[in-house]
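Notes for the one structure printed next.
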Amino acid sequence: MIRLKKSYLARKGIAEIKPYIPGKPVQEVKREFGLVDVIKLASNENPLGPSPIAVDAIKAALHEIHWYPDGECFELKKALSDFLDVPSDHLVFANGAEEIITLIAKAFINEGDPCVVPRDVYDPYETVVRIMGGSIRHSDLREFRIDLQDMLQKVDENTKVVFICNPVNPTGTIVTRQAFEKFLRNIPERTLVVLDEAYFDFVSSKDYPDGIDYVRQGKNLIVLRTFSKVYGLGGLRIGYAVAEPELIFYLKQVKEPFNVNTLAQVAAAAALKDRDHVKKTVDLIIEEKDFLYKELNSMGVRFIPSEANFILIDVGMDSRVLFRRMLERGVITRPGDIWNLPRFIRLTIGTRDQNIHFLDVFSEIRASRRP
Ligand SMILES: *Cc1c(COP(=O)(O)O)cnc(C)c1O
């Protein structure tokens with residue numbers, strides 16, 4: 001930790017922001033432990049990599065990178081508008097869905113504005129509210145689920161923004177269509193709902209609400225999606241928001257003119273067309289999820305059934321200890337203590353080989369822990 005001697009310079013609340021702890025990069029673990037083979041199952045990336053068509057599109061665009069990117073993402077917006085069947089004026093792109101979260105805060109949150117955030121989930125919601133000086137009301141998860149009833153109780157006429165993550169990172173559970181519709185019926189008209197659907201494509205439950213349906217109904221709702229997960233483009237940084245044009249207008253007012261780089265734009269447009277790659281990815285995740293469930297069950301290990309491409313696993317020991325031991329063996333996972341789940345790890349579902357490797361290392365560490 002550095003000593004803060006210049007806090008008089010920083011805006012209010014900046015010093016108190018909890019630093020984001022990312023999944024450890026493969027190269028760092030190789031350096032630290034002198035390992036050659038390292039697998040990363042920590043950041044919910046696509047185990048099949050990017051779409052090969054997207055990679056070709058990047059190669060073809062490489063000689064154009066002396067031009068500034070198209071700030072409107074015209075071609076990509078057209079492609080996505082067709083794909084989602086929403087008008088172009090309902091879309092805005094950003095440098096990852098994370099940047100959309102920042103834009104929402106910049107555009108809508110005044111100092112002191114109350115915002116409701118689920119506790120111990122994906123950090124950026126809370127971070128951006130704090131940066132803008134908003135005030136946070138937490139809603140606790142209940143049985144690893146976002147409790148919309150409780151969230152409603154934390155909302156009043158002055159609540160500016162409510163953040164919902166569906167499926168929720170890190171537990172992988174969803175709020176159902178019925179629960180979400182009831183929530184929308186009861187939320188004050190002036191409150192903005194942000195619905196983060198980063199894992200939309202992985203969900204197989206029939207009870208899962210598609211946020212865009214409610215944008216079409218004209219709700220005060222911004223839906224977030226990303227090209228980082230199922231599309232395998234996390235390293236390029238591109239995500240988007242779907243909302244009614246006036247809300248999009250406010251987001252654009254605070255966005256940097258060239259926030260999405262050229263390569264991200266062409267890759268995203270190509271990836272969108274590569275339905276084969278998306279299907280292969282989703283099929284793999286569903287198959288491997290079943291495999292992991294079966295194996296974990298037979299080991300007597302508890303986990304939270306997930307609608308996303310990761311599983312929260314109750315490892316029955318200090319997750320920091322397990323995390324360290326797994327790192328030494330070249331397997332990167334995410335320890336749950338950062339979400340106040342000290343006995344859990346969050347495992348990104350990998351290929352069959354990666355999953356087997358994880359299970360082998362996990363079993364050995366569990367076995368050696370016993371007297
Ligand atoms: C990964 C993730 C995102 C998207 O991040 P990008 O900035 O688009 O890479 C957004 N929300 C949640 C909950 C996520 O897990």
Side-chain angles (χ1 to χ4, degrees), residues 20-25 40-47 49-50 54 73 76 80 91-106 117-129 139 141 144-146 161-175 193-203 208 211 221-243 251 255-256 259-261 263-265 267-268 271-272 278 281 285 304 306-312 333-334 336 338-339 341 345-349:
Y20 182 76
I21 305 170
K24 254 183 172 326
K40 183 182 179 202
L41 300 171
S43 300
N44 306 337
E45 290 134 336
N46 187 329
C73 302
L76 172 60
L80 187 64
L91 300 172
V92 65
F93 294 88
N95 191 38
E98 254 182 69
E99 194 200 4
I100 300 277
I101 297 168
T102 305
L103 298 181
I104 289 169
K106 282 190 188 170
V117 182
R119 198 192 300 278
D120 295 322
V121 305
Y122 188 66
D123 277 347
Y125 315 132
E126 194 163 326
T127 303
V128 297
V129 175
S139 170
L141 298 191
F144 303 96
R145 290 168 186 280
I146 288 183
V161 185
V162 178
F163 290 89
I164 298 171
C165 188
N166 199 30
V168 63
N169 179 1
T171 71
T173 61
I174 59 164
V175 299
V193 177
V194 174
L195 183 62
D196 184 341
E197 295 184 337
Y199 300 96
F200 177 87
D201 299 85
F202 297 110
V203 177
Y208 180 66
L221 175 69
I222 299 179
V223 173
L224 311 187
R225 304 247 178 110
T226 178
F227 285 94
S228 297
K229 307 286 157 60
V230 78
Y231 291 101
L233 302 179
L236 286 176
R237 315 303 303 123
I238 179 163
Y240 60 94
V242 188
L251 297 180
K255 123 180 155 52
E256 287 165 33
N259 61 334
V260 181
N261 72 79
L263 302 181
Q265 292 185 34
L272 200 58
V278 172
T281 304
I285 296 303
I304 312 304
S306 167
E307 291 285 345
N309 66 337
F310 53 82
I311 309 175
L312 191 66
T333 60
R334 205 70 168 271
I338 48 178
W339 305 291
L341 295 164
I345 59 163
R346 194 193 66 191
L347 178 78
T348 301
I349 297 165

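Atoms within each ligand, like the ligands themselves, are counted from 1 in listed order. In what follows, every heavy atom counts, from backbone to side chain, and hydrogens, waters and symmetry copies are set aside.
Between E98 and ligand 1, an N or O atom pair is found at a separation short of 3.5 Å. Looking at G239 next to ligand 1, no N or O pair under 3.5 Å apart turns up.
Judged by the shortest distance from any of its heavy atoms, C165 lies inside the 4.0 Å radius around the atoms of ligand 1. Within the 4.0 Å heavy-atom shell around ligand 1 one finds D196. At least one heavy atom of Y199 sits closer than 4.0 Å to an atom of ligand 1. At least one heavy atom of R237 sits less than 4.0 Å from an atom of ligand 1.
The aromatic rings of F200 and Y208 are tilted relative to each other, their planes meeting at an angle between 30° and 60°. Ring pair Y231/F227 is tilted by interplanar angle, where 30° to 60° counts as tilted.
Atom numbering of ligand 1 starts at 1 in the shown order; those under 4.0 Å from a heavy atom of G96 are 6 (P), 7 (O), 8 (O). Against a heavy-atom cut-off of under 4.0 Å, A198 is close to the following atoms of ligand 1: 2 (C), 3 (C), 10 (C), 11 (N), 12 (C), 14 (C).
In terms of protein heavy-atom proximity, atom 14 (C) of ligand 1 is closest to K229 NZ, 3.1 Å. Remark: minimum distance from atom 9 (O) of ligand 1 to any protein heavy atom is reached at S228 OG, 2.6 Å. Counting only heavy atoms of the protein, atom 5 (O) of ligand 1 lies nearest to Y122 OH, 3.8 Å.
Checking side-chain atoms of N259 against main-chain N and O of F93 turns up a donor-acceptor pair under 3.5 Å. Without hydrogens or angle criteria, E126 side chain to V117 main chain gives no donor-acceptor distance under 3.5 Å. Counting only distance, with no hydrogens or angles, the side chain of E98 and the backbone of P124 share no donor-acceptor pair below 3.5 Å.
Under the side-chain hydrogen bond (donor to acceptor under 3.5 Å, both in side chains) rule, Y199 has a single partner from N309, T226, N166, N44, which is N44. Exactly one residue among L41, N169, T333 makes a side-chain contact (heavy atoms from CB on, under 4.5 Å) with R346. That residue is N169.
The minimum heavy-atom distance between D120 and P170, with the atom names listed, is O-CD, 3.9 Å.
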